[in-house]
Amino acid sequence: MLTKHKIKKSILEIKTGDITEEEAGAIVNAANRELSPGGGVSGAIHEASGPELWKECKKLGGCDTGEAKLTGGYKLKAKHVIHTVGPIYSGKTSDGTDLKNSYYNSLLLASRNNIKSIAFPSISTGVFSYPAGEASLIALKTIISFLEEHPEIELVKMVLFTERDYHTYKSSLEMILKE
Ligand code: AR6
């Protein structure tokens, strides 16, 4: 399943798929603060990339919530991995700010490293329990406003693991575009 939308000169795609198989300048990892492999999408990315990824991650000194760090992609089709740590959902207003920062800082890191295409999973909505509806609005609004200011990022893909998440993100995009 795939939806494409043009934001100024850039393309925003919403699709179903396994992010470890995406071709992109960078795929984003929904990491933990230690940048250790863990489970969920992070475990899958480390598995597909191979042990060199964890070796490089160990040298980075962890990552704070809302921040982002860059590594190689090793055995992945993507040249780089951008590791970001989303918030563990608590219901506080700071959750929204932290989630926004995860998307924003990942995009900024891509831009600063001349990466033109980037694929995101649905950060924080698995093990970290962020409700997907709320998270999708924050993710898409942050991506859209970034692309409006940064035409150097040519393509952003939201790669959703389930059809249910795909429909959630698609409905949120339609809602945002009507505003
Ligand atoms: N491709 C795309 N999306 C995926 C894939 C995949 N291969 N696998 C899972 N997802 P989660 P979080 C989706 O739990 O909530 C880890 O243990 C999944 O369906 O991976 O940010 C880390 O080490 C969900 O929609 O990330 C951290 O400790 C989304 O990815 C913690 O989990 C995010 O789910 C991070 O939790």
Side-chain angles (χ1 to χ4, degrees), residues 1-3 12-51 53-58 60-71 73-78 80-92 94-107 109 117-140 142-143 155-173:
M1 289 187 182
L2 173 66
T3 299
L12 170 60
E13 279 185 16
I14 296 176
K15 60 181 288 191
T16 46
D18 176 348
I19 203 164
T20 64
E21 289 170 6
E22 283 298 322
E23 287 183 29
I27 62 168
V28 176
N29 180 18
N32 55 50
R33 291 165 64 96
E34 292 73 40
L35 299 181
S36 66
V41 71
S42 175
I45 289 171
H46 277 269
E47 178 76 35
S49 178
L53 181 61
W54 174 217
K55 273 191 204 155
E56 187 178 356
C57 283
K58 274 188 212 164
L60 298 178
C63 183
D64 285 335
T65 304
E67 297 297 318
K69 295 211 172 164
L70 184 73
T71 67
Y74 301 97
K75 290 198 301 190
L76 295 167
K77 288 178 193 158
H80 296 97
V81 179
I82 291 174
H83 305 262
T84 188
V85 183
I88 300 171
Y89 189 69
S90 67
K92 294 186 191 142
S94 59
D95 294 344
T97 313
D98 287 340
L99 189 62
K100 182 178 173 178
N101 285 342
S102 274
Y103 282 94
Y104 182 85
N105 286 322
S106 298
L107 289 161
L109 194 57
S117 61
I118 176 169
F120 283 98
S122 179
I123 297 165
S124 282
T125 66
V127 174
F128 284 176
S129 305
Y130 213 119
E134 253 181 79
S136 64
L137 287 169
I138 294 168
L140 294 169
T142 308
I143 292 166
L155 172 64
V156 176
K157 303 191 241 192
M158 275 302 321
V159 182
L160 288 326
F161 207 44
T162 62
E163 283 189 17
R164 187 184 168 153
D165 281 343
Y166 171 83
H167 289 296
T168 301
Y169 273 76
K170 194 168 178 276
S171 315
S172 292
L173 179 62

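Remember, it's 1-based here, ligands and their atoms both numbered in the order they're listed.
Nearest to atom 19 (O) of ligand 1 among the protein's heavy atoms is Phe161 CB, 3.7 Å. Nearest protein neighbour of atom 23 (O) of ligand 1, counting heavy atoms only, is Asn32 ND2, 2.9 Å. Scanning the protein for heavy atoms near atom 33 (C) of ligand 1, the closest one is Ser122 O, 3.2 Å. The closest protein non-hydrogen atom to atom 14 (O) of ligand 1 is Val127 N, 2.7 Å. Among protein heavy atoms, atom 21 (O) of ligand 1 sits closest to Ser124 N, 2.8 Å.
For ligand 1, the polar-atom distance check finds an N/O of Phe128 within less than 3.5 Å of one of the ligand's N/O atoms. Considering backbone and side-chain atoms alike, Ser129 places every N or O at 3.5 Å or more from each N or O of ligand 1. Ligand 1 has no nitrogen or oxygen under 3.5 angstrom from a nitrogen or oxygen of Leu160. Taking any N or O of Ile19, backbone or side chain, at least one lies under 3.5 Å from an N or O belonging to ligand 1.
Under the 3.5 Å distance criterion, the side-chain polar atoms of Thr84 are matched with a main-chain donor or acceptor of Glu67. Within the 3.5 Å criterion, the main-chain N or O of Gly25 finds a donor-acceptor partner in the side chain of Ser117. The backbone N or O of Cys57 sits nowhere less than 3.5 Å from a side-chain atom of Thr71 that would complete a donor-acceptor pair. A distance-only check finds no donor-acceptor pair linking the side chain of Lys100 to the backbone of Ile138 [under 3.5 Å].
Interface atoms of ligand 1 facing Thr125, defined by a heavy-atom separation under 4.0 Å, are 15 (O), 24 (C), 25 (O). For ligand 1, the atoms sitting less than 4.0 Å from at least one non-hydrogen atom of Gly40 are 20 (O), numbered in the order shown with element in parentheses. In summary, the atoms of ligand 1 found under 4.0 Å from a heavy atom of Asp18, numbered by their order in the structure, are 1 (N), 6 (C), 7 (N). Listed by number with element, the atoms of ligand 1 under 4.0 Å from a non-hydrogen atom of Ala30 are 21 (O), 22 (C), 26 (O), 35 (C). Those atoms of ligand 1 with a heavy atom of Asp165 less than 4.0 angstrom away are 25 (O).
Thr168 is not listed as a side-chain neighbour of Thr125, based on a closest heavy-atom distance of 4.5 Å or more.
Atom-to-atom distance recorded for Trp54:CH2 and Leu35:CG is 7.5 Å, nearest 0.5 angstrom. Taking NZ of Lys75 as the start and CD of Glu47 as the end, the distance is 8.5 Å to the nearest 0.5 Å.
The 12-atom threshold is not exceeded at CD1 of Ile88, counting heavy atoms of other residues, nucleotides or ligands nearer than 6.0 Å.
For the residue pair Tyr166/Thr3, the side-chain donor-acceptor check at 3.5 Å is satisfied.
When Ile88, Val159, Val41 are ranked by how near their heavy atoms come to atom 5 (C) of ligand 1, first place goes to Val41. The residue from Gly38, Pro37, Gly39, Gly126 that puts a heavy atom closest to atom 16 (C) of ligand 1 is Gly39.
Nearest approach of Ile19 to Val41, heavy atoms of both residues: CG2-CG2, 3.5 Å.
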